[in-house]
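I have placed the structure first, in the form of C-alpha cells, so that the comments after it can refer back to it.
Letters go in sequence order (proteins before strands), and every chain restarts at 1.
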Amino acid sequence: MKPFEEQFTAWVDGKLTGADLAEFEKQLAEHPEAAAERDDARELGKFLRGHPTAPPLANPDFFNHQLQQRIAAETPRPVEKKRPFFWSVPGLAWAGAFCLTVSLVLYKTTIPAVPPTARARSDYYAQIVEIWSKSPNVTASTVYSPEDDATVIWLDGLDYIPANYALKQ
Amino acid sequence: MNELRPNPSNTVPMESPDVATGPDDLELVARCQAGDASAFNELVTRYRNRAYAMIYNMVRNEQDAWDLAQDGFLKAWKSIGKFRGQSSFYTWLYRILMNVTIDSLRRKQIEGGTEFDDEIGLHNIAPGAATTPKCELEPVKRISDKEIRQRIDEAIAKLSPEHRVAIVMREIDGLEYTEIAEQMGCSLGTVMSRLFYARKKLQALLKDVYETI
C-alpha cells in the first residue's frame, strides 16, 4: 500500500483511477476537508502556471556570443604546425653528418689513393724547350728512368764538361 | 494508478523551438557532432529563452539563471557527441540543464549551510487535514503582478532543491511523474511525496495571494 502522501498527490492530479481511486476515497471519508485541500492544491497549480515569473532573457545575442567564446576557449586548439624536421637543430646535424658521409664515400670511391711517390711518376716528363750553346753540335734531351725515379738531362756534342759543372753526389 | 506507468515516449513539454524555420534539430545536431559550432549556435538561439526560463523558475535569480544556462549549454556542446537521437534534442538538453541546476542548488545549500526543512510546520498535521492558514484578507487590497511574482519567488526559494525541482517540473513545465522521476533519478513514490510537501508549503505561503486575485 502506498503512503498517504503519494496517493493524495495522485488524487490531486487526477491520476488515481479504478479500484485505487475507490479505495482512497473510502479512506477520505474520515477527512471531510480533503476535497477542499485537493481543490486548493489545484488552485495553486493554476496560479503558478498563470503567473510565470521568469523575466525574458536579457541580451540574447550576447548570450550566444559569450557561449561561443567559452566554447572556443574550452575547445583544444589545433596543435601548432611544427617546422619541418630538416630545419630543426637535430635535423641540420643529421643533414651535416649525411653530407660528410657522402663526401667521404665519394672521395674514397672516385679519387684513387695515390702514394706520394707515385705522384712523381707522372707522364709529364721534363722536356727541353730551348738550349743555348756556342757549338751547334750540342743537343739536349731528357730521359726518365722509372726504376730510379729520376729524370736525366742528356747532353750530346759537348767536348768536355768543366770540372765545376760535374754532377755532385 | 494506471496512468503512472512509465511513458516510453519520454517527451518534455514545450519542445517546439523558438525558431520554426531552418534545418531541423537533428540535422543541426549532426553538424555539431562534426564540429560545426555555428550549428550549435543555431540550436542555442532556438532554445535559449526556454532554457533560461526553466532555470530561472528553479533558482529565482537572473544572474544565476544566465550562468547556469551558459554552463548547461556548454556541457551540452561537450557531450553532443554522445547524443544518439533516442529522444528529442530538447528532452536531452532539458536533462542536462536540469542536472546543472540541481547540482548548483545543492552546492549552494551546502555552501550556505542552509537547511531547508519543507516539513516545518507540517509535522503535526494529520494526513488530509487542511494545512493552509486561514487568513483574513483586506477585500480592497489588490496585489500587483510584480508583487505576485515576488511572492512566488520568495515562496519557491523557501523550498529545498528537490522539492523546488519537483514542483516546477510538475506545475510549470507540466511534466508527468515518470518524466520527473527520470530527470531527478528517483522513484515515482519519491516524486509524489516531494510534490505533496512542496504543495503543502506553497499553499501555506501563497494562499493569501491566489485567493485574492
Side-chain angles (χ1 to χ4, degrees), chain A residues 2-21 23-24 27-38 40-75, chain B residues 1-4 35 37-38 40-41 44-45 48-49 51-57 60 62 65-66 69-70 73-74 77-78 126-132 145 148-150 152-153 156 167-168 170-172 174 177 188-189 191-197 199-200 202-203 206-207 209-211 213:
Chain A
K2 289 183 184 299
F4 176 85
E5 291 89 341
E6 293 179 25
Q7 288 183 304
F8 187 85
T9 300
W11 185 55
V12 167
D13 289 328
K15 303 287 185 188
L16 273 185
T17 55
D20 290 331
L21 177 62
E23 192 180 332
F24 185 69
Q27 282 183 50
L28 290 180
E30 298 166 21
H31 304 284
E33 68 288 348
E37 276 291 294
R38 178 195 59 194
D40 197 58
R42 287 177 178 171
E43 190 69 22
L44 170 73
K46 215 164 84 181
F47 168 72
L48 291 175
R49 283 188 293 278
H51 292 86
T53 59
L57 177 66
N59 297 322
D61 290 339
F62 180 65
F63 183 88
N64 284 45
H65 174 73
Q66 189 182 39
L67 186 61
Q68 287 292 317
Q69 280 191 322
R70 290 184 67 186
I71 286 172
E74 300 213 10
T75 304
Chain B
M1 301 284 277
N2 296 338
E3 293 173 37
L4 301 182
S38 67
F40 190 70
N41 196 42
V44 173
T45 303
R48 62 192 175 193
N49 290 329
Y52 174 77
M54 187 268 285
I55 294 171
Y56 180 87
N57 284 328
R60 303 281 147 181
E62 289 185 49
W66 174 289
Q70 286 270 329
F73 275 114
L74 187 62
W77 165 254
K78 287 178 180 172
T131 55
T132 49
D145 284 350
I148 291 172
R149 288 197 187 94
Q150 195 178 344
I152 295 174
D153 283 353
I156 291 181
I167 199 77
V168 168
R170 177 67 196 162
E171 298 293 14
I172 298 175
Y177 297 157
L188 279 179
V191 169
M192 289 190 279
S193 176
R194 285 175 181 174
L195 281 173
F196 176 84
Y197 288 108
R199 279 173 173 159
K200 288 282 181 193
L202 288 181
Q203 282 172 265
L206 294 171
K207 189 176 177 69
V209 183
Y210 62 78
E211 281 198 341
I213 56 172

Which value, rounded to the nearest 0.5 Å, describes the distance between A:His65 atom NE2 and B:Asn41 atom CG?
->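 So the NE2 of A:His65 and the CG of B:Asn41 are separated by 11.0 Å.
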Quick one: pull up CD in A:Glu5 and CG in B:Leu195 and give me the separation to the nearest 0.5 Å.
->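 Reported value, rounded in 0.5 Å steps: 12.0 Å.
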Given A:Glu43, A:Gln66, A:Arg38, the one with more heavy-atom pairs under 4.5 angstrom with chain B than any other is A:Gln66
Which one of A:Pro32, A:Ala19, A:Gly45, A:Ala36 has the most heavy-atom pairs closer than 4.5 Å to chain B?
->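 Answer, by heavy-atom pair count under 4.5 Å with chain B: A:Gly45.
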Residue pair [X] / [Y]: nearest heavy atoms and the distance that separates them:
X: B:Glu171; Y: A:Ala41; result: OE2-O, 4.5 Å
X: B:Leu206; Y: A:Leu44; result: CD1-CD1, 4.1 Å
X: A:Ala10; Y: B:Tyr177; result: CA-OH, 3.6 Å

Return the option, out of B:Ala69, B:Ser38, B:Gly35, B:Ala51, with the maximum number of heavy-atom pairs under 4.5 Å with chain A.
-> B:Ala69
Tell me, do [X] and [Y] make a side-chain contact under 4.5 Å, heavy atoms counted?
X: A:Asp40; Y: B:Tyr210; result: yes
X: B:Tyr56; Y: A:Leu57; result: no
X: A:Thr9; Y: B:Arg199; result: yes
X: A:Pro55; Y: B:Tyr52; result: yes
X: B:Arg170; Y: A:Asp13; result: yes
X: B:Met192; Y: A:Val12; result: no

Non-neighbouring partners of B:Trp77 that pass ring pair (Phe, Tyr, Trp, His ring centres under 6.0 Å), sequence neighbours left out = B:Phe40
Taking only residues two or more places apart in sequence, or in another chain, which ones meet B:Phe73 in a ring pair (Phe, Tyr, Trp, His ring centres under 6.0 Å)?
->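 With sequence neighbours excluded, B:Phe73 shows a ring pair (Phe, Tyr, Trp, His ring centres under 6.0 Å) to A:Phe63, given in chain and number order.
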Report which part of [X] has an atom under 4.5 Å of a heavy atom belonging to chain A: side chain, backbone, both, or neither.
X: B:Arg194; answer: neither
X: B:Ile152; answer: side chain
X: B:Gln70; answer: both
X: B:Leu74; answer: both

Interchain contact, A:Glu30 with chain B, by part (heavy-atom threshold 4.5 Å) |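 Neither; nothing under 4.5 Å.
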Does A:Glu37 come within less than 4.0 Å of B:Lys200, counting only side-chain N to carboxylate O?
->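 Judged by the 4.0 Å cut-off on N to carboxylate O distance, A:Glu37 and B:Lys200 do form a salt bridge.
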